[in-house]
Amino acid sequence: MRRILDNLDEYAKKLSRFLASPTAIYRDGHRSVINEGTHRKRREICKPVFFPDHCAHWAVMLIVGESFTKSLYRYSCASVKGRGTHFAKRAVERAVKDLKGTKYCLQIDIKSFYASIDKEILIRLLGRKFKDSRIVSIFAKIIRAYSGDGLPIGFYTSATLANYYLSRPDRYIKESLKVRHMVRYMDDMVMYDGNKRRLHAVREKYERFIGQTRRLRLKGNWQVYKMPYLRGKPPAGYKERRRATDFVGFRFYRYKTIIRKSIFLRLLRTVRRLQKGKYTKKNARAYISYNGYLKHTDSVGVRRRYITGKIKISRIKETARYEKRRIEPRGQSAAVA
């Protein structure tokens, strides 16, 4: 990689010839397995060769990436510029203020989404979108280069193509099924309505639609439940059957947003290690990451009970700064200045 970065003009010309060549061969990537997220979900990552493959992926998305974004549903989030976790969070918070229209919530998730994407259907969809056959040909080579099922997690193009694969099903939900409130974060979706039977019908029709047009299936853990209306705890003897929406790492009530329980427990473990004086780079990084959740949720009580006056924030920041200076390439700070 260093050789390429030191000779950008030469490799830019090579990349241009590679993209223009009708006989260019795109390669499969190097695979590894990681445990992702709070539930340590096992995922296979496919990392493409940096040059020319990864550079070609980046170059083609630089040209046509915006056209994909324009065709997406407004609240289609994840791997879209400006539409990350907090964009999805704000969208749900706005939705649940509609008391009558969000009495019930439907949560669905597509089974093995990336691996279930049909390559040939996706290539046909791209052929309808782009009139330039060269662009379609490049995408087809990238898609077919992966020897596994569906799209690989790790290719720069995969997330955008996966979002585009669900763009028509999104329009089906909004335009044909007339769902008023819907937010999608890649393959995780929440929909709200004032009628429980209507949401069950929406789930059945949507599952049939994506099965027929996209060859996808929903996970069996879909849920329809009643949203909470009461502020605070229910009175003694009252059995509360409503619950908050658990989505994108947060739990959404009508009047507050809090951190998902599994993330909160991991935060507490980190704080307890810091309270014992273990100001390591791992704990410092973890706390700074979890602090982002605290800043964007109603967590004043959590700070007061577990953090304020009990751990040294200045020491955490200094540990993180020291680690950043240590791994920064020599001369980078001066160049930035």
Side-chain angles (χ1 to χ4, degrees), residues 29 36-37 41 43-46 48 54 56-92 95 107-130 135-136 138-140 142-146 148-177 179 181-191 206-207 209-219 247-249:
E36 183 191 47
K41 189 173 182 179
R43 292 191 186 276
E44 183 182 75
I45 304 299
C46 187
H54 183 68
H57 298 178
W58 176 84
V60 72
M61 289 307 301
L62 190 65
I63 296 169
V64 301
E66 190 175 345
S67 65
F68 283 112
T69 303
K70 289 179 179 179
S71 65
L72 296 179
Y73 165 57
R74 181 182 179 185
Y75 295 116
S76 169
C77 309
S79 301
V80 180
K81 187 177 180 181
R83 300 192 205 172
T85 301
H86 295 298
F87 180 86
K89 169 182 170 288
R90 290 191 294 271
V92 175
Q107 280 193 260
I108 56 177
D109 186 6
I110 295 175
K111 186 174 182 179
S112 304
F113 176 48
Y114 272 74
S116 298
I117 292 174
D118 188 291
K119 295 179 181 181
E120 299 309 315
I121 290 178
L122 177 57
I123 292 169
R124 285 202 300 272
L125 293 173
L126 293 170
R128 295 174 193 167
K129 181 173 180 61
F130 297 108
I135 293 292
V136 180
I138 290 172
F139 274 121
I142 293 172
I143 292 167
R144 290 174 177 147
Y146 178 58
D149 295 330
L151 296 180
I153 299 175
F155 277 26
Y156 185 66
T157 55
S158 291
T160 301
L161 293 176
N163 264 325
Y164 176 66
Y165 198 68
L166 290 179
S167 59
R168 188 185 167 202
D170 287 342
R171 291 196 297 273
Y172 176 72
I173 290 173
K174 295 297 294 182
E175 297 170 9
S176 299
L177 301 183
V179 174
H181 301 288
M182 189 271 277
V183 181
R184 177 170 65 81
Y185 193 85
M186 197 50 75
D187 61 315
D188 294 332
M189 284 166 268
V190 290
M191 304 178 209
Y206 180 75
E207 185 168 22
F209 182 82
I210 61 173
Q212 293 171 350
T213 64
R214 296 294 185 267
R215 295 184 183 173
L216 298 173
R217 291 187 300 161
L218 297 182
K219 282 185 182 177
F247 186 60
V248 295

If you count every heavy atom of other residues, nucleotides or ligands that lies below 6.0 Å from Glu44 atom CD, does the total exceed 12? yes
Validation row: [X], [Y] side chains within 4.5 angstrom (heavy atoms):
X	Y	value
Asn163	Met186	yes
Leu218	Asp109	no
His181	Val190	no
Phe139	Ile123	no
Thr157	Leu151	no

Here the salt bridge (charged side-chain N to carboxylate O under 4.0 Å, His left out) pairs for residues 151-175, sequence neighbours left out, are Asp170-Arg184
Applied to residues 74-89, the salt bridge (charged side-chain N to carboxylate O under 4.0 Å, His left out) test, sequence neighbours excluded, yields Lys89-Glu93
Those residues at least two apart in sequence (or on a different chain) that pass side-chain hydrogen bond (donor to acceptor under 3.5 Å, both in side chains) with Arg217 are none
Looking at Lys219 and Glu207, is any side-chain nitrogen of the basic one under 4.0 Å from a carboxylate oxygen of the acidic one? no
Would you say [X]'s side chain and [Y]'s backbone share a donor-acceptor pair under 3.5 angstrom?
X	Y	answer
Tyr73	Ile173	no
Tyr206	Ile108	no
Tyr165	Leu122	no

About how many Å separate [atom2] of [Y] and [atom1] of [X], when rounded to the nearest 0.5 Å?
X	Y	atom1	atom2	answer
Ile210	Leu166	CD1	CG	7.5 Å
Asp149	Ile117	CG	CD1	11.5 Å
His57	Thr160	NE2	OG1	12.5 Å
Ile142	Phe155	CD1	CZ	8.0 Å
Lys111	Leu216	NZ	CG	12.0 Å
Phe247	Cys77	CZ	SG	7.0 Å

### Query
Between Arg124 and Asp118, does a side-chain contact (heavy atoms from CB on, under 4.5 Å) hold up when you go through it step by step?
CA-CA 10 Å; Arg124 285 202 300 272; Asp118 188 291; 5.7 Å; no
Kindly give the heavy-atom pair with the smallest separation between [X] and [Y], and that separation in Å.
X	Y	answer
Leu72	Ser167	CD2-CB, 4.1 Å
Tyr185	Ala88	CD1-CB, 4.2 Å
Met182	Tyr75	O-CB, 3.7 Å
Val64	Ile135	CG1-CD1, 4.0 Å

Q.
Suppose we call two aromatic rings close when their centres sit under 6.0 Å apart. Are Phe68 and Phe130 close by that rule?
A. yes
Query raised in the report: Taking the inter-plane angle between the rings of Phe209 and Tyr172 on a 0 to 90° scale, is it parallel (under 30°), tilted (30 to 60°) or perpendicular (over 60°)?
Result: parallel
